[in-house]
Protein chains: 2
Amino acid sequence: MGSGKTTSFDIAKRAGVSQATVSRALRNSPLVNPETREKVQRIAREMNYRVDRSAAGLRSQRSNTIALLFFEDPTSDDSQINPFFLTLLGHITRYATRQSYDVLVSFQQLSDDWLNEYVVSNRADGIILLGYGDYGRISDKLQRLREEGLPFTIWGATVPELEGHAIGCDNPRGGELATRHLLGIGRRRVAYIGSASDDAPEFKLRYQGYCRALEKAAIEPDPQLLMQTDNLELSAYDATQKLLDSGVEFDAIFAASDLIAFGVIKCLKKNNIAIPDQVSLVGFDDLPAATYFSPALTTVRQDTRLAAHALMGNLLKMIEGEDVTSPRIPISMVVRGSCGGRQG
Amino acid sequence: MGSGKTTSFDIAKRAGVSQATVSRALRNSPLVNPETREKVQRIAREMNYRVDRSAAGLRSQRSNTIALLFFEDPTSDDSQINPFFLTLLGHITRYATRQSYDVLVSFQQLSDDWLNEYVVSNRADGIILLGYGDYGRISDKLQRLREEGLPFTIWGATVPELEGHAIGCDNPRGGELATRHLLGIGRRRVAYIGSASDDAPEFKLRYQGYCRALEKAAIEPDPQLLMQTDNLELSAYDATQKLLDSGVEFDAIFAASDLIAFGVIKCLKKNNIAIPDQVSLVGFDDLPAATYFSPALTTVRQDTRLAAHALMGNLLKMIEGEDVTSPRIPISMVVRGSCGGRQG
DNA sequence: CTGAAAGCGCTTACAG
DNA sequence: CTGAAAGCGCTTACAG
């Protein structure tokens with residue numbers, strides 16, 4: 001037995017072939033004779049042999065690993081990850097496993113040097129970036145990554161500069177659908193709670209969709225009905241309170257995300273404002289928790305499974321050196337009780 | 001410049017030292033002269049150099065990576081991961097980063113061969129197992145891992161056979177606290193919804209705590225008030241309906257987890273049973289979503305940060321060959337509106 | 001279809 | 001404190 005770990009040489013000796021043949025057989029190379037392959041694989045199984053990933057990675061210059069980086073808002077405490085990205089994590093990981101890729105997970109600050117940290121060190125063949133962040137601050141980095149040809153995809157607004165890299169849903173249409181739904185049940189004073197700035201492109205696009213729906217209904221967007229907030233439940237709670245305190249009248253709210261909608265609901269309840277009787281509400285994301293409230297939250301669903309597959313699919317193509325384009329991830333309205341109207 | 005990637009030899013040439021010295025300097029070896037170290041590190045920074053992880057891993061036989069394996073219930077669809085473990089994921093990942101470890105995430109079936117897959121292949125130096133599973137089916141595997149000396153920790157009941165490996169909270173005390181709280185506000189017919197079988201040791205322990213609290217109050221546990229269900233919202237919904245249909249009277253429910261409590265709430269609401277007026281409810285875990293319901297859920301909180309640190313801390317000790325013991329993770333009651341009584 | 005050989009880029013005894 | 005050398009366990013031209 002010896003004391004060392006089992007290597008491909010041990011398998012080779014036992015199988016009566018060369019070590020190179022063992023390597024080929026285990027990787028199902030078509031070069032190797034089927035019978036030889038079977039024999040080698042059987043012996044490898046019997047000896048509980050596993051290819052050493054470090055050795056394979058060093059020689060082939062491929063880690064067969066992708067890094068999944070979550071951007072953290074430094075303002076949020078460290079306990080909560082945005083549930084939307086967590087759903088993505090599940091789909092991405094399963095998809096990766098099916099493609100024989102490992103997934104490395106890490107939380108990063110926007111300012112960190114993840115650019116080199118992962119790909120240059122051969123820890124990962126490519127990276128997926130997740131998180132609503134201050135895009136302005138990372139766009140330089142993304143351009144550099146792009147120029148250096150490092151494979152990466154990112155969840156966000158599908159801007160032309162990041163064609164193929166950026167994957168997102170049709171945010172303007174989502175915003176328009178949500179707002180049109182509120183108008184369709186007779187609401188006229190629809191507030192928007194969420195970001196509408198360049199720092200958060202996807203939210204800005206949702207806001208633009210909101211404006212478009214209003215304009216199509218011949219309603220002028222009222223700046224007093226725009227309450228900017230970042231994507232946190234607590235911030236949304238405060239923003240809602242501010243809207244209430246302003247005394248501006250409104251009969252509906254389009255929350256730019258479900259997380260924001262949750263903060264809105266808590267604040268309206270606190271102020272004894274009835275949903276949907278006094279105020280109708282639509283969110284965005286369709287988090288599992290959207291059904292926990294009474295009434296349950298009407299929201300815009302993004303297809304997270306397709307999103308995950310696009311993020312991984314494009315990344316793997318880039319790793320293979322293929323060309324990619326940015327798909328638009330489908331969205332759909334999920335009507336529950338928080339709007340009232342036709343659905344009661 | 002050349003076309004190849006930057007290696008430690010390139011740094012060595014530029015710094016006028018040997019490649020071995022570069023290696024030492026970058027790893028902050030005390031063997032190297034401070035000035036030499038500074039110089040080497042500066043040049044490495046300038047050249048954007050990163051140590052190749054595969055090469056380092058191959059040579060040192062250390063991956064500096066831990067694998068985080070989630071057991072999936074094959075019955076659940078692939079979208080939802082138990083939020084409790086997701087919280088653990090966050091804490092574990094951050095802790096690992098601070099210790100310069102990478103975290104590999106994967107979803108596994110209980111039956112998979114993760115035993116060899118990760119550690120033997122040198123993909124990870126140790127593994128953390130997460131998931132309420134059918135312990136009976138993996139206890140053999142865990143014993144084998146243990147005998148082979150492969151480093152692993154697991155979230156679960158702290159049984160003597162897995163001393164040091166298993167990390168869990170004081171489940172019996174949690175069950176007892178929850179039940180005592182319900183008795184304290186005057187409830188006498190307390191149902192238990194959740195598993196009470198050997199397949200799910202932590203839930204069984206919570207059930208035992210429930211029984212103990214009842215017995216201390218001179219109440220005989222009523223088998224009719226025990227509704228077994230696995231740890232899914234939908235299953236819990238069905239179990240609650242079954243309890244209702246049975247016609248057995250009850251004035252309180254101890255749900256073995258928050259996820260189960262969520263299913264209970266939905267079912268009680270559907271049946272127009274008022275919480276807490278007609279039925280008081282306590283959960284277990286204190287998921288973020290516990291505050292989304294009206295009334296908010298009273299529950300038993302587990303300190304997930306300490307849990308994560310214990311899982312990682314013990315694992316790292318095992319990797320270093322040190323001895324470990326299983327700590328008990330602290331719990332506490334979080335009283336919200338779902339019980340009524342003193343807190344209203 | 002198979003084998004002998006080279007070499008991926010490090011870390012770590014060993015020697016000084 | 002530093003350097004020359006070995007070697008970790010593979011994959012992959014190259015030759016047959």
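We use all heavy atoms of the structure for the numbers below, so side chains are in, but hydrogens, waters and symmetry mates are not.
What separates CG of B:L58 from C1' of D:dA6 is a distance of 13 Å, to the nearest Å. Following rounding to the nearest Å, A:F9 (CZ) and C:dA4 (C1') show an atom-to-atom distance of 10 Å. Atom pair A:N28:CG and C:dC1:C1' shows a separation of 16 Å (rounding to whole Å applied). D:dC10 atom C1' lies 16 Å from atom CZ of A:R50, rounded to whole Å. At whole-Å resolution of the value, CD1 in B:I11 and P in C:dT11 are 13 Å apart. Rounded to an integer number of Å, the gap from CG of A:L31 to C1' of D:dT11 is 12 Å. Note: CG (B:L26) to P (D:dT2) measures 13 Å, nearest angstrom. As rounded to whole Å, 17 Å separates atom P of C:dC10 from atom CD of B:Q61.
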Give me the distances for all protein-to-nucleotides 12-16 of chain C N/O pairs that come in under 3.5 Å?
residue	atom	partner	partner atom	Å
C:dT12	OP2	B:R27	NH2	3.0
C:dT12	O4'	B:R59	NH2	3.0
C:dA13	N6	B:R24	NH2	2.8

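Pairs of residues two or more places apart, or lying in two chains, that qualify as side-chain hydrogen bond (donor to acceptor under 3.5 Å, both in side chains) and include a residue from residues 23-37 of chain A are A:N28-A:Q41.
Here the shortest heavy-atom pairing between B:L26 and B:A44 reads CD2-CB, 3.8 Å.
Comparing B:N122 and B:G16 by the nucleotide of DNA chain D whose heavy atom lies nearest to each, the residue mapping closer to the 5' end is B:G16. Nearest-nucleotide mapping onto DNA chain D: of B:A55 and B:R37, the residue sitting toward the 5' end is B:R37.
When heavy atoms are screened at a 4.0 angstrom cut-off, B:S54 is found touching no nucleic acid atom at all.
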TODO: Using a 3.5 Å limit on both pairing distances, list the dot-bracket string of DNA chain D from the 5' end; Watson-Crick and G-U wobble pairs count, crossing pairs take [ ], interstrand pairs take |.
DONE: |||.||||||||.|||
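To the nearest 0.5 Å, atoms CD1 (B:I92) and OG1 (B:T153) are separated by 7.0 Å. Atom-to-atom distance recorded for B:W155:CH2 and B:T304:OG1 is 8.5 Å, nearest 0.5 angstrom.
Among residues two or more places apart in sequence or in another chain, the side chain to side chain contact (heavy atoms under 4.5 Å, CB included) test is passed with B:S139 by none. Scored by the ring pair (Phe, Tyr, Trp, His ring centres under 6.0 Å) test, B:Y49 finds no partners at all (sequence neighbours excluded). Looking at residues two or more places apart in sequence or on another chain, you find no side chain to side chain contact (heavy atoms under 4.5 Å, CB included) involving A:D140.
Electrostatic pairing of B:E38 and B:R42 does not count as a salt bridge here, judged by no charged N lying under 4.0 Å from a carboxylate O.
Taking a 6.0 Å sphere around CZ of B:R14, one finds it holds 12 or fewer heavy atoms contributed by other residues, nucleotides or ligands.
Contact annotation: B:Y49 does not reach the phosphate of C:dG9 (side-chain N/O to OP1 or OP2, under 4.0 Å). The side chain of A:S8 contributes no N or O atom lying less than 4.0 Å from OP1 or OP2 of D:dG9. Close to D:dC8, at under 4.0 Å from its OP1 or OP2, lies no side-chain N or O of A:T7. For D:dG3, one of the phosphate oxygens OP1 or OP2 lies less than 4.0 angstrom from a side-chain nitrogen or oxygen of B:T21.
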Task: Derivation and outcome, side chain to side chain contact (heavy atoms under 4.5 Å, CB included), residues A:H165 and A:N314 - done: CA-CA 7 Å; A:H165 296 276; A:N314 273 16; over 6 Å; no
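If you check D:dA4, C:dG9, C:dT2 against the side chain of A:N33, the one that comes closest is C:dT2.
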